[in-house]
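Here's the structure we're looking at; comments come further down.
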Amino acid sequence: MKAKYAALRGTRDLLPDEIGRWLYLENRVRDVFGRYRFQEIRTPVLEATELFARSVGESTDIVHKEMYTLKRGDESVSLRPENTASVVRAFVQHSLHRSLAEGFPARYYYIGPMFRYERPQKGRQRQFHQIGAEVLGSADPLCDAETMEMLCRFLDELGITDRELVLNSLGDPDCRVRYRAALVDWLQPRRANLCEDCRRKSADNPLRVFDCKVEPDQALLADAPEILSFLGDEAAAHLDQVRALLDRYGIAYRIDPRMVRGLDYYQRTVFEVVASGLGSQNAILGGGRYDGLVRDLGGPEVPGFGFAIGMERLIALMPQDRSVAGDADLVLVCLGQEGLDGGVNLARRLRSAGLKVAMPMAVRPMGVQMRRAGRTGAPFALFVGTQELAEGRFGLKNLETGQQETVDEHELFIRLGVKT
RNA sequence: GUGGGUGUAGCUCAGUUGGUUAGAGCAUCUGAUUGUGGUUCAGAGGGCCGAGGGUUCGAAUCCCUCCAUUCACCCCA
């Protein structure tokens with residue numbers, strides 16, 4: 001049979017076989033982030049288009065050509081391409097800054113789908129999922145460093161150890177303006193030697209030329225001016241302190257003065273973590289500081305720091321055994337119509353006690369039931385037939401050892417660890 | 001948007017220079033076993049060979065178009 005409908009390009013179904021890995025990951029997020037007192041926040045998937053244009057930046061590809069935008073009358077709304085803007089919007093809308101105290105920033109995290117209209121490839125989907133967090137209300141280098149320290153702990157606990165933390169500073173806005181001018185001056189006489197894309201980028205968004213993968217361009221750009229030598233005193237001091245703190249945490253990192261992140265709102269610290277084995281899309285998370293964003297979105301002067309993690313990319317890297325099992329605690333093997341009838345009542349009591357109970361919904365041969373029980377991975381099978389129901393005693397078989405004993409209902413609960 | 005790869009059973013894949021009725025493994029189902037599994041054995045179901053057109057006596061195979069998918073570019077998590 002040929003399927004008439006299929007999931008849209010760039011979207012996909014997460015089938016039950018796969019969902020255990022997602023639940024495992026989400027559990028780790030809530031555990032690790034919870035230790036740092038991050039609180040979950042959920043914002044709408046749909047927001048005013050203008051919110052993203054203002055925050056992510058009009059000139060970025062994300063806003064320019066990757067948003068799913070809907071128009072209803074004269075209102076324009078978009079599916080979120082990222083979630084920082086929404087969190088900041090919520091923060092401002094609900095006046096959450098009013099409960100901030102100096103040195104005690106608000107910390108939020110989120111888990112959910114994002115949407116970007118791109119050509120799918122390895123590690124890139126149109127609907128993808130991010131884990132992210134935002135710290136609002138601290139401009140201190142400690143905030144940057146501790147957040148990165150949490151991320152390293154998180155990745156360690158997931159078993160993702162083959163990775164690299166890459167760090168850079170984009171400076172304050174005025175540093176960036178001076179650097180940009182210097183870079184444009186440097187690029188101008190060399191434009192003829194650059195590839196077509198880089199010639200275009202040197203006009204639109206000059207910092208992006210550093211992303212170029214063309215060899216001759218790379219060689220040429222090796223001598224280009226670097227942002228780090230344009231940092232003002234405060235931005236430079238900030239970076240130095242972040243580095244000192246990372247050293248104190250014992251966290252390894254590499255400074256890459258040419259790493260430029262895609263969203264316009266970043267300033268000072270930017271970072272990403274790259275891993276091998278993901279093909280061309282090797283960044284598993286990225287983030288940075290955005291001290292002007294809250295103000296730009298109509299709020300007070302509140303500094304911010306945040307990151308986003310690509311869940312699909314993370315799951316691809318997680319060791320195979322990282323999953324939560326959805327197996328039944330007990331399988332009822334119901335013999336004949338009487339067994340099935342009695343099983344219904346028994347299952348009801350067992351489920352009331354909190355157990356995960358499987359049973360057939362039709363009279364089936366025992367051999368078939370046992371074959372399926374063996375494959376579900378359930379630890380126990382309970383035989384429910386006419387005689388057992390009459391006596392109130394059932395055969396309880398340990399499916400791993402093959403050992404069987406006869407128990408009444410009270411003993412059954414004890415065997416299965418239910419407090420009675 | 002631009003390039004390359006791939007589309008055969010539910011899944012992973014064979015399929016000879018174009019040749020008659022398209023195969024395997026896994027999975028599913030039935031039986032051996034109408035009350036003891038995950039082993040074994042025997043058997044069964046399951047295919048518009050991505051879609052449409054063309055070449056040919058004859059096409060899963062060659063050509064064209066479209067669609068899907070995948071990798072890469074752009075860009076990003």
Side-chain angles (χ1 to χ4, degrees), chain A residues 1-3 5-10 12 15 17 56-57 59-66 80-84 111-132 151 195-198 200-201 204-205 208-209 211-214 259-263 271-275 278-287 306-317 331 333-336 338-339 363-388 394-404:
Chain A
M1 207 189 305
K2 213 184 94 183
Y5 300 107
L8 295 176
R9 163 176 292 166
R12 66 189 208 101
L15 300 178
D17 278 354
V56 177
S59 70
T60 60
D61 279 9
I62 291 177
V63 166
H64 193 237
K65 60 181 194 187
E66 293 177 1
R80 61 186 185 194
E82 59 103 47
N83 204 24
T84 298
I111 301 174
M114 308 294 156
F115 305 85
R116 293 181 198 174
Y117 188 83
E118 301 180 274
R119 285 292 284 268
Q121 67 186 75
K122 191 177 181 68
R124 174 186 298 156
Q125 297 246 288
R126 287 182 175 180
Q127 177 179 339
F128 62 106
H129 298 80
Q130 288 187 332
I131 299 159
L151 282 166
C195 74
E196 192 184 335
D197 278 339
C198 286
R200 178 179 54 75
K201 283 192 277 195
D204 298 350
N205 201 343
R208 296 233 73 91
V209 298
D211 291 336
C212 185
K213 288 168 186 169
V214 179
M259 180 180 67
V260 288
R261 298 208 48 80
L263 295 77
F271 69 101
E272 62 184 31
V273 171
V274 296
L278 287 171
S280 184
Q281 263 56 52
N282 64 348
I284 57 178
L285 65 88
F307 62 83
I309 308 172
M311 291 180 81
E312 282 83 357
R313 294 179 187 181
L314 216 51
I315 281 172
L317 293 172
V331 175
V333 176
C334 301
L335 305 157
E338 282 189 56
V363 176
R364 298 285 288 152
M366 181 171 58
V368 172
Q369 293 189 52
M370 286 303 292
R371 202 181 311 155
R372 298 196 73 91
R375 281 190 283 225
T376 60
F380 293 103
L382 188 78
F383 296 95
V384 184
T386 309
Q387 191 184 334
E388 286 84 349
F394 306 88
L396 177 67
K397 181 163 188 169
N398 184 318
L399 291 172
E400 277 154 41
T401 64
Q403 303 248 312
Q404 187 166 331

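Residue numbers begin at 1 in each chain, while the letters A, B, ... track the order of the sequences.
Residues forming a salt bridge (Lys or Arg N to Asp or Glu O under 4.0 Å) with Arg12(A) (at least two apart in sequence, or on another chain): Glu18(A). Taking the salt bridge (Lys or Arg N to Asp or Glu O under 4.0 Å) definition, one finds that Lys65(A) meets it with Asp61(A), sequence neighbours left out. The side chain to side chain contact (heavy atoms under 4.5 Å, CB included) search around Asn282(A) returns Val274(A), not counting sequence neighbours. Shown here are the side-chain hydrogen bond (donor to acceptor under 3.5 Å, both in side chains) partners of Arg372(A), two or more places apart in sequence or in another chain: there are none. Among residues two or more places apart in sequence or in another chain, the salt bridge (Lys or Arg N to Asp or Glu O under 4.0 Å) test is passed with Arg126(A) by none. Applying the salt bridge (Lys or Arg N to Asp or Glu O under 4.0 Å) criterion to Glu66(A), with sequence neighbours excluded, gives no partner residue. For Phe383(A), there are no ring-ring contact (aromatic ring centres under 6.0 Å, His included) partners two or more places apart in sequence or in a different chain. Here Glu338(A) pairs with nothing under the side-chain hydrogen bond (donor to acceptor under 3.5 Å, both in side chains) rule; sequence neighbours left out.
No contact: Arg12(A) has no heavy atom under 4.0 Å from any strand. Note on Leu314(A): nothing from the nucleic acid sits closer than 4.0 angstrom, heavy atoms only. Residue contacts shown for Gly339(A) are absent, as no nucleic acid heavy atom lies under 4.0 Å away.
Taking atom CZ of Arg126(A) as the reference point, atom C1' of C75(B) lies 14 Å away to the nearest angstrom. Look at CD on Glu118(A): it is 16 Å from P on U2(B), rounded to the nearest Å. Protein atom CG of Asp17(A) is 14 Å distant from nucleotide atom C1' of C26(B), rounded to whole Å. Between His64(A) atom NE2 and C76(B) atom C1' the separation is 16 Å, expressed in whole Å. In this entry the distance linking CZ of Phe271(A) with P of A77(B) reads 11 Å, nearest Å. Atom C1' of nucleotide A77(B) and atom CZ of Arg116(A) are separated by 6 Å, given to the nearest angstrom. Between Leu151(A) atom CG and A77(B) atom P the separation is 14 Å, expressed in whole Å. Look at NZ on Lys65(A): it is 13 Å from P on C73(B), rounded to the nearest Å.
Across the P atoms, A14(B) and A9(B) are found 12 Å apart, a figure rounded to whole Å. A gap of 15 Å separates the P atoms of G52(B) and C67(B), to the nearest Å. Rounded to whole Å, the separation between the P atoms of U40(B) and G45(B) comes to 22 Å. Between the P atoms of C63(B) and U56(B), the separation comes to 16 Å (whole Å). U39(B) and G46(B) are spaced 25 Å apart, taking the P atom of each and rounding to whole Å. Comparing the P positions of G3(B) and U8(B) gives a spacing of 25 Å, expressed to the nearest Å. Between A60(B) and G15(B), the two C1' atoms lie 8 Å apart (nearest whole Å).
Near RNA chain B, defined here as any heavy-atom distance below 4.0 Å, the residues from residues 280-287 of chain A are Ser280(A), Gln281(A), Ala283(A), Ile284(A), Leu285(A), Gly286(A), listed numerically.
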What string of B, S and - do you get for nucleotides 34-45 of chain B, 5' to 3', when a contact is any protein heavy atom under 4.0 Å? -BBBB-------

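Of the candidates Met311(A), Glu118(A), Arg116(A), Phe128(A) forms a side-chain contact (heavy atoms from CB on, under 4.5 Å) with just one, namely Arg116(A).
Judged by distance alone with a 3.5 Å cut-off, no donor-acceptor contact links the side chain of Arg124(A) to the base of C71(B).
At least one donor-acceptor pair under 3.5 Å links the side chain of Gln369(A) to the backbone N or O of Cys334(A). For Arg80(A) (side chain) and Pro113(A) (main-chain N/O), a donor-acceptor pair under 3.5 Å exists by modelled atom type.
Of the side-chain N and O atoms in Gln121(A), one or more sit less than 4.0 angstrom from OP1 or OP2 of A72(B).
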Would you sketch RNA chain B in dot-bracket for me? Only Watson-Crick or G-U wobble pairs with both distances under 3.5 Å count, crossing pairs as [ ], other-strand pairs as |, the rest as dots. (((((((..((((.....[...)))).(((((.......))))).....(((((..]....))))))))))))....

Using the 3.5 Å cut-off, write out each protein N or O paired with an N or O of nucleotides 65-69 of chain B and the distance between them.
residue, atom, partner, partner atom, Å
A68(B), OP2, Arg9(A), NH2, 3.4
U69(B), OP2, Arg9(A), NE, 3.0
U69(B), OP2, Arg9(A), NH2, 3.3

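Between Gln130(A) and Lys122(A), the residue anchored nearer the 5' end of RNA chain B, judged by the nucleotide with its closest heavy atom, is Lys122(A).
Across every non-hydrogen atom of Phe380(A) and Asn398(A), the tightest pair is CD2-CA, 3.9 Å.
Inspection of the Gln121(A) and Gln281(A) side chains reveals an N or O donor paired with an N or O acceptor under 3.5 Å.
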